[in-house]
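First the structure, in the form of structure tokens, and then the observations on it.
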There are 2 protein chains.
Amino acid sequence: MRIGILADRAGTTVPTIRYYEQIGLLRPAIRQSGGQRIYDNEDVRRLRFVRACRAFGFPIDEVRALLSLTDDRSASCTEARDLAERRLVAVRRKLAELKALETSIAALVSTCNSTCAGGVATDCSIFEDLERREAPNRSLV
Amino acid sequence: MRIGILADRAGTTVPTIRYYEQIGLLRPAIRQSGGQRIYDNEDVRRLRFVRACRAFGFPIDEVRALLSLTDDRSASCTEARDLAERRLVAVRRKLAELKALETSIAALVSTCNSTCAGGVATDCSIFEDLERREAPNRSLV
DNA sequence: ATACCCCCTCAAGCCACTTGAGGTTCAAGC
DNA sequence: GCTTGAACCTCAAGTGGCTTGAGGGGGTAT
């Protein structure tokens, strides 16, 4: 199959596939006489796996590690589990940050609504709140 | 005061301040004879405001908008509130994504622990789960 | 032969900084 | 007055994970 079909089947885009090939995450595709890349069902499976890992938030380097684990009969399952566990910890940390952030922004909005809605912007409570900096420290998005 | 002091007082770094100046988020600093940037307390206030906005997750362009609102006597407070509300919606969306993600990854880990811990990596339940792609669609981090 | 879509490569752009190289300024101590 | 060393300067490139754009070739249906 050609690259556009692979992209559809794996739920991603053509440039992304070429990008993955370029950084060595997917092995170089076989080419037709005209230079066009040709893929098979195994490529669909691998690309889906990569996209699933990415959707789970694994960075590319960890996807690389996971990919190689899927082929390594000498590796232990605990390596995969440990990667997943570390991901889980990271996700939970981010979740806590984001919850605190949600609380803070909601407070920003509701204070403005109850004390100054419709007034002159320069006097808005949001600016006072932002200058007092009650925002949680967080890894900037 | 010099740039290093400003960085400390605003809880950020020297290169970040220069970067903000470069992109026009902070106005160009006055220079000493030797070329070194000099700041005053108003600069501390503005930089703190910028960092607070960033900590709240506002992208640079929105920080720019918020900064100009702080000075614009003809603007309405609702403009600031609307920006904050849109931010709140975005944060809540991300929060929902992250919660779903947490559930999925936790399932990944616990299935592995109960069915295959210590086995050969190639047979790990994590890979089966990832290939079945139960990950939520999400804006990739 | 023509139209048209899909494909190709290479390069640059995005966001918000961070890092590095290589050089200058300034305050303190001798 | 001289040396040291921290703090400063500029300019360029790197980070992650793609996306976008320019400019051209391949494949197939009419």
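Within every chain, numbering begins at 1; the chains are lettered A, B, ... in the order of the sequence lines, protein sequences first and strands thereafter.
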N/O-N/O pairs, protein side and nucleotides 3-5 of chain D side, under 3.5 Å:
none

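- Separating the CD1 atom of B/Ile5 from the P atom of C/dC26 is a distance of 15 Å, rounded to the nearest angstrom.
- Separating the CD atom of A/Gln22 from the P atom of C/dC10 is a distance of 9 Å, rounded to the nearest angstrom.
- A sub-4.0 Å separation between OP1 or OP2 of C/dC17 and a side-chain N or O of B/Thr13 is absent.
- In this entry the distance linking CZ of A/Arg18 with P of D/dT19 reads 12 Å, nearest Å.
- Considering only the side chain of B/Arg2, C/dC26 comes nearest among C/dC26, C/dT18, D/dG27.
- Among residues two or more places apart in sequence or in another chain, the side chain to side chain contact (heavy atoms under 4.5 Å, CB included) test is passed with B/Tyr39 by B/Met1, B/Ile3, B/Leu6, B/Ile17, B/Glu21, B/Ala29, B/Arg37, B/Asp43.
- Applying a 4.0 Å cut-off to non-hydrogen atoms, the residues of residues 33-47 of chain A that approach DNA chain C are A/Gly35, A/Gln36, A/Arg37, listed by residue number.
- The distance between atom CD of B/Glu62 and atom P of C/dC15, rounded to the nearest whole Å, is 12 Å.
- Taking only side-chain nitrogens and oxygens, B/Arg31 comes nearer than 4.0 Å to OP1 or OP2 of D/dT10.
- In this structure A/Arg64 satisfies the side chain to side chain contact (heavy atoms under 4.5 Å, CB included) test together with A/Ile23, A/Leu25, A/Ile60, A/Asp61, sequence neighbours excluded.
- Nearest heavy atom pair, residue A/Thr13 against residue A/Ala7, reads C-CB, 3.8 Å.
- The distance between atom CD1 of B/Ile23 and atom P of D/dC11, rounded to the nearest whole Å, is 17 Å.
- Scored by the ring-ring contact (aromatic ring centres under 6.0 Å, His included) test, A/Phe49 finds B/Phe127 as partners (sequence neighbours excluded).
- By the side chain to side chain contact (heavy atoms under 4.5 Å, CB included) test, A/Pro59 pairs with A/Glu62, A/Arg87, sequence neighbours left out.
- Both B/Pro59 and A/Glu21 sit near DNA chain C, but only A/Glu21 has its closest nucleotide nearer the 5' end.
- Listed by chain and residue number, A/Glu42, B/Glu131 satisfy the salt bridge (Lys or Arg N to Asp or Glu O under 4.0 Å) test with A/Arg45 (two or more places apart in sequence, or in another chain).
- Residue A/Arg54 places no side-chain N or O under 4.0 Å from the OP1 or OP2 atom of D/dG16.
- Residues in residues 72-106 of chain B take part in no ring-ring contact (aromatic ring centres under 6.0 Å, His included) pair, two or more places apart or across chains.
- Contact between the side-chain N/O atoms of B/Thr16 and the OP1/OP2 oxygens of C/dT18 is found at a separation under 4.0 Å.
- Between the CD1 atom of A/Ile17 and the C1' atom of D/dG17 there is a distance of 15 Å, rounded to whole Å.
- In this view, A/Ala96 satisfies the side chain to side chain contact (heavy atoms under 4.5 Å, CB included) rule with no residue, not counting sequence neighbours.
- The shortest side-chain heavy-atom distance between B/Glu97 and B/Leu101 does not fall under the 4.5 Å cut-off.
- In this structure, the OH atom of A/Tyr19 is 11 Å from the C1' atom of D/dT19, given to the nearest Å.
- Summarising the geometry, atom CG belonging to A/Leu130 is positioned 5.0 Å from atom CG belonging to A/Leu108; distances are rounded to the nearest 0.5 Å.
- Taking atom CD on B/Gln32 and atom P on D/dC8, their separation rounds to 10 Å, with Å as the unit.
- At the phosphate of C/dA16, neither OP1 nor OP2 sits under 4.0 Å from any side-chain N or O atom of B/Arg51.
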